[in-house]
Amino acid sequence: MVFFHTSSNTSLSPTSTSSLPTSPTSSMVEQTIQNAESIIKKWDLNSSSLITITPLFHPNRKEAKEYLKCVMDLRGTMHFLVSQNSAPHKLVIAQTLMQIAMKRLEKEFYQILSSNRERLDPESVSTSLSSDGSASFDVEEDEADQQKIAGESISEVERVSALAMADLKAIAECMSSSGYGKECAHIYKLFRKSIVDRGLYLLGIEKFKSSRINKMDREYLHLTIKNWLNAVKIALKSLFNGEKILCDHVFSASQTIRDACFAEITTEGAKNLFKFPELIAKNKNSPPDRIFRLLELHGAISELRPDIESIFNVELTSAIKLQALSSLQKVGGSVKTLLTNFGSSIRKDSSKTPVPGGGIHPLAQSTMSYLSSLSDYDRILTDIISIHPPIDNALFPESYFNDHTVIEAPKQAASVHLAWLILILLCKIDSKAQLYKDLSLSYLFLANNLQFIINQVQTSTLKHLLGHQWLSRLTQKIKQYALSYESVAWNRVFESLPERTTSELSYEAVKDCFKRFNAAFEQVYVKQISWIVPDGKLRDELKVSIAGKLVPVYREFYETFSTKLNADFVRISPDDLGNYLSDLFHGTRISSSSLLQSSSHSKGCLLR
């Protein structure tokens, strides 16, 4: 890191006065011109080949200071001669000397820029200026002062960089105050623009066109976006910010020049940089995960907006800010369209094939995977939806939430829309349940899918966005579906046993009870052995509930009457019953028309 030394002595600036008194005599004017002639002509580019290749701003810089001082004195003399409207021949001589001096300073300015290309790269400049952002060229600084600088904590490379910046600033101020600011700025703009353009190229920023982006395959497009996301931060905070710092320093004496220079150097590259997200937003042939890339692009621009406003803070760079804003709006609008289309795609799902065994519907799987990923971008989504609210949100039933603050708080716009999309999914899942001919299986299907949705919410950022009240309501709904399933599927089995076991039952009545129970249980078991409950907790709760209502009653009936009948009628023991129940909800495929051929079951009792 470079730390520039700032001298406390008077630094050279365009407003510095020359050494001439307010009312110089003719001899003083003559002396100033002669002195300037001896110094300026010594370094005339047309004088000798050696002078042409010898830098004026060589390491000790003493002659450079004398050169700048004599130019300033010559400028003062010329102003005096013009104001007195006298000695035109002297004014002509002075003007000729001034032109020679300016050509020399132009060459020195370019040489300093060129020879310090690596030391004045924008990234280094952006972190190298001292806290007051200055480095000075002191006309009174002698060799001892330079040795003092070299002995300070800054390194030699940093010292050279500081001196280069001071030299550039001194030359720019001298040329500007002498009426040659345009020539100086032209050199600076040409050279520094090439530095910025190369920096962007090395960051992988190219001049993309929509036609090229549309032809990119998914992997290459993803890599291109990823590279842009990394490059834009470096380009803004190092490349453009560093260039602004350097430009403001070199042309600190003229706001007009520094603003014009910075604008011309950066506008083309910066507009191209910030146009990229807009081109991606317009791309219609993007992969399914396009919305996530758009959210990342929107988040990057939003995060960098304060830096964009700060760095490009003048009228001449307003086109850059407008381009960044345009990309932000286009990306946000594209995200809104994709969200709307996603909701429509859920509604339009036309699959008519029931999921085997009442399992998880593919629509629920794909939708929840999508929404879980979207929830990771909740802050960005909220920013976009607040500005581009989807039309669907206007139809949102507030009764869907117990906690109405979720609806009313603007910062929860993402929560509201994600909840709305889940509601669309729930409605669609409800319609899919009607495809089952067996009512009990439709209830099991609803319980399974709602449990899956809740699990996806609880294991993602959706949990924090939708809140405890939302989860509680849907969990209660699962219990209702489970009870409905149990009632429809098992009531015939429950009703096959007497409510109270009494020894007063006749032999025929007992035999009839066992026959009805065997038939009802076998029918339910054969039908439901292929049904599935993927969630382990829900599966266990269903088994425990069924077993709790069935096994104790059957055990009591069995222990009371099983010894009075032969094995043809008493085919299931209480332990077997619990084991048979443990087989359920795993999606087991069977081929036998009757599974209850034996009174003993190979598995240990899991539910009693």
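Starting from 1, each residue takes its place in the sequence as its number.
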Can Ser372 and Leu462 be said to form a side-chain contact (heavy atoms from CB on, under 4.5 Å), step by step?
-> CA-CA 6 Å; Ser372 296; Leu462 286 168; 3.9 Å; yes
Evaluation steps, side-chain contact (heavy atoms from CB on, under 4.5 Å), between Phe312 and Thr267 = CA-CA 9 Å; Phe312 304 106; Thr267 296; over 6 Å; no
Please step through side-chain contact (heavy atoms from CB on, under 4.5 Å) for the pair Tyr370 and Phe292, ending with a clear verdict.
-> CA-CA 10 Å; Tyr370 190 84; Phe292 304 113; 4.1 Å; yes
Apply side-chain hydrogen bond (donor to acceptor under 3.5 Å, both in side chains) to Asp438 and Ser440, showing your working.
-> CA-CA 6 Å; Asp438 190 305; Ser440 62; 2.4 Å; yes
Could you walk me through whether Ile280 and Val331 pass side-chain contact (heavy atoms from CB on, under 4.5 Å), step by step?
-> CA-CA 8 Å; Ile280 296 298; Val331 170; over 6 Å; no
Evaluate the criterion ring-ring contact (aromatic ring centres under 6.0 Å, His included) for residue pair Tyr554 and Phe521; output intermediate values, then yes/no.
-> CA-CA 12 Å; Tyr554 182 75; Phe521 184 79; 8.3 Å; no
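There is a side-chain donor-acceptor pair under 3.5 Å between Asp583 and Tyr525. No hydrogens or angles considered: nothing links the side chains of Gln434 and Ser442 as a donor-acceptor pair under 3.5 Å. Remark: the Ser545 side chain and the Lys549 side chain contain an N/O donor-acceptor pair separated by less than 3.5 Å. Looking at Asn313 and Glu309, their side chains never bring a donor and an acceptor atom within 3.5 Å of each other. Inspection of the Thr266 and Glu243 side chains reveals no N or O donor paired with an N or O acceptor under 3.5 Å. Under 3.5 Å, the side chains of Glu296 and Tyr377 contain a donor-acceptor pair of N or O atoms. Side-chain contact annotation: Ser351 with Lys432, donor-acceptor N/O pair under 3.5 Å present. Looking at Glu278 and Gln323, their side chains do bring a donor and an acceptor atom within 3.5 Å of each other. A donor-acceptor contact under 3.5 angstrom links the side chains of Gln528 and Tyr485, judged on distance only.
Shown are His388, Gln329, Arg290, Lys282; of these, the side chain to side chain donor-acceptor pair (under 3.5 Å) with Ser334 is made only by Arg290.
Counting heavy atoms from C-beta outward, Gln523 and Arg492 have side chains that approach closer than 4.5 Å. Within the 4.5 Å cutoff, side-chain heavy atoms of Phe494 are placed close to those of Leu550. Side chains of Ile308 and Phe240 form no contact here, defined as non-hydrogen atoms less than 4.5 Å apart. Taking the side chain as every heavy atom from C-beta outward, Arg305 and Leu325 approach each other to under 4.5 Å.
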For residues 225-235, run the donor-acceptor check on the side chains, cut-off 3.5 Å, and write out each pair with its distance to 0.1 Å, sequence neighbours left out.
| residue | atom | partner | partner atom | Å |
| --- | --- | --- | --- | --- |
| Asn227 | ND2 | Leu203 | O | 3.1 |
| Trp228 | NE1 | Leu273 | O | 2.8 |
| Asn230 | ND2 | Lys226 | O | 3.3 |

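Between Tyr481 and Phe445, a ring centre-to-centre spacing not shorter than 6.0 Å is recorded.
Taking CD1 of Ile380 as the reference point, atom CG of Leu295 lies at 6.0 Å (rounded to 0.5 Å). Going from atom CG of Leu381 over to atom NZ of Lys336 covers 14.0 Å, rounded to the nearest 0.5 Å. The CG atom of Asn579 sits 7.5 Å away from the OG atom of Ser573 when rounded to the nearest 0.5 Å.
Within 6.0 Å of NZ on Lys321 lie more than 12 heavy atoms contributed by other residues, nucleotides or ligands. For Phe274, the CZ atom counts as densely surrounded, since its 6.0 Å shell holds more than 12 non-hydrogen atoms of other residues, nucleotides or ligands. For Glu541, the CD atom is densely surrounded, since the number of other residues' heavy atoms within 6.0 Å is greater than 12.
The residues Asp535 and Arg539 are annotated as not salt-bridged, no charged nitrogen and carboxylate oxygen being separated by less than 4.0 angstrom. Note on Glu495 versus Arg516: no salt bridge recorded, every NZ/NE/NH1/NH2 to OD/OE distance being 4.0 Å or above.
Every side chain to side chain contact (heavy atoms under 4.5 Å, CB included) that His468 has, sequence neighbours left out, goes to Ser472.
With Lys271 contributing its side chain and Ile320 its backbone, the two residues share no donor-acceptor pair below 3.5 Å.
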